[in-house]
Amino acid sequence: VQLQASGGGLVQAGDSLRLSCSASGNIFSSHVMGWFRQAPGKEREFVAAIRWGTASTTVAESVKGRFTVSRDRAEKTLYLQMNSLKPEDTAVYFCARANGLSRREYDYGHWGQGTLVTVSS
């Protein structure tokens, strides 16, 4: 599978942004699609993930209540709705595919190229 993330940009604190991740290739109901981010000088961290079949989700505590992960199975597209953005949300955001629900980076075997989100104060 190939993943293409898009939707990043420069926004102000408090603004909203929606990221998309388009997939070419197979995504089965058993797969999990996730979002990770990497801020400058920091390690990549888990943001959110969704089971492709059931749409059950898990979200990092740092973004809970502000970020929502969803998917469109017909369009094979993953979304990350980000509200009330903060400067500390500034990072390159990556989408990835795993075989099971996980927050661990090494469980995700297929990665997109990343899209940059910059939140100014």
side-chain contact (heavy atoms from CB on, under 4.5 Å) between Tyr93 and Met82, worked out: CA-CA 11 Å; Tyr93 284 73; Met82 305 185 295; 3.9 Å; yes
Shared ILVMFWY cluster between [X] and [Y], side chains joined below 4.5 angstrom?
| X | Y | result |
| --- | --- | --- |
| Tyr108 | Met33 | no |
| Val32 | Val69 | no |
| Trp52 | Val59 | yes |
| Val119 | Phe94 | no |
| Val63 | Val11 | yes |

Working for side-chain contact (heavy atoms from CB on, under 4.5 Å), residues Lys86 and Arg66: CA-CA 10 Å; Lys86 304 175 181 180; Arg66 299 189 298 121; 3.8 Å; yes
Exceeds 12 heavy-atom contacts within 6.0 angstrom, atom CD of Glu88: yes
Under 3.5 Å, side chain of [X] to main-chain N/O of [Y], donor-acceptor pair present?
| X | Y | answer |
| --- | --- | --- |
| Thr115 | Gly8 | yes |
| Lys76 | Cys21 | no |
| Arg37 | Ala91 | no |
| Thr57 | Ala49 | no |

side-chain contact (heavy atoms from CB on, under 4.5 Å), paired with Ser20, selected from Asp72, Leu80, Thr77: Thr77
Give me the atom names and distance for the closest heavy-atom approach of [X] to [Y].
| X | Y | value |
| --- | --- | --- |
| Val1 | Ser24 | CG2-O, 3.0 Å |
| Gly9 | Leu17 | N-CD2, 4.0 Å |
| Leu78 | Cys95 | CD2-CB, 4.0 Å |
| Ser121 | Ala13 | CA-CB, 4.3 Å |
| Ser16 | Gln81 | CB-NE2, 3.9 Å |
| Ser120 | Leu10 | CB-CD1, 4.4 Å |

Short N-O contact, Arg104 and Asp107, less than 4.0 angstrom: yes
Cationic tip of Arg44 above Trp111 ring, under 6.0 Å, 45° of axis: yes
Ring-face cation contact, Tyr79 with Arg18, 6.0 Å cut, 45° max: yes
Test item: Asp89 and Val117 side chains (from C-beta on) under 4.5 Å apart, heavy atoms: no
Residues Ser29, Arg51; criterion side chain to side chain donor-acceptor pair (under 3.5 Å); working and verdict: CA-CA 7 Å; Ser29 295; Arg51 291 188 185 274; over 6 Å; no
Glu45/Gln38 under side-chain contact (heavy atoms from CB on, under 4.5 Å): CA gap, chis, key distance, verdict: CA-CA 6 Å; Glu45 65 174 358; Gln38 187 167 20; over 6 Å; no
Aromatic centroids of Phe36 and Phe46 separated by under 6.0 Å: yes
Interatomic distance, Asp15 atom CG to Asn83 atom CG [nearest 0.5 angstrom]: 10.0 Å
Value rounded to 0.5 Å, distance of CZ in Arg103 from OG1 in Thr58: 3.5 Å
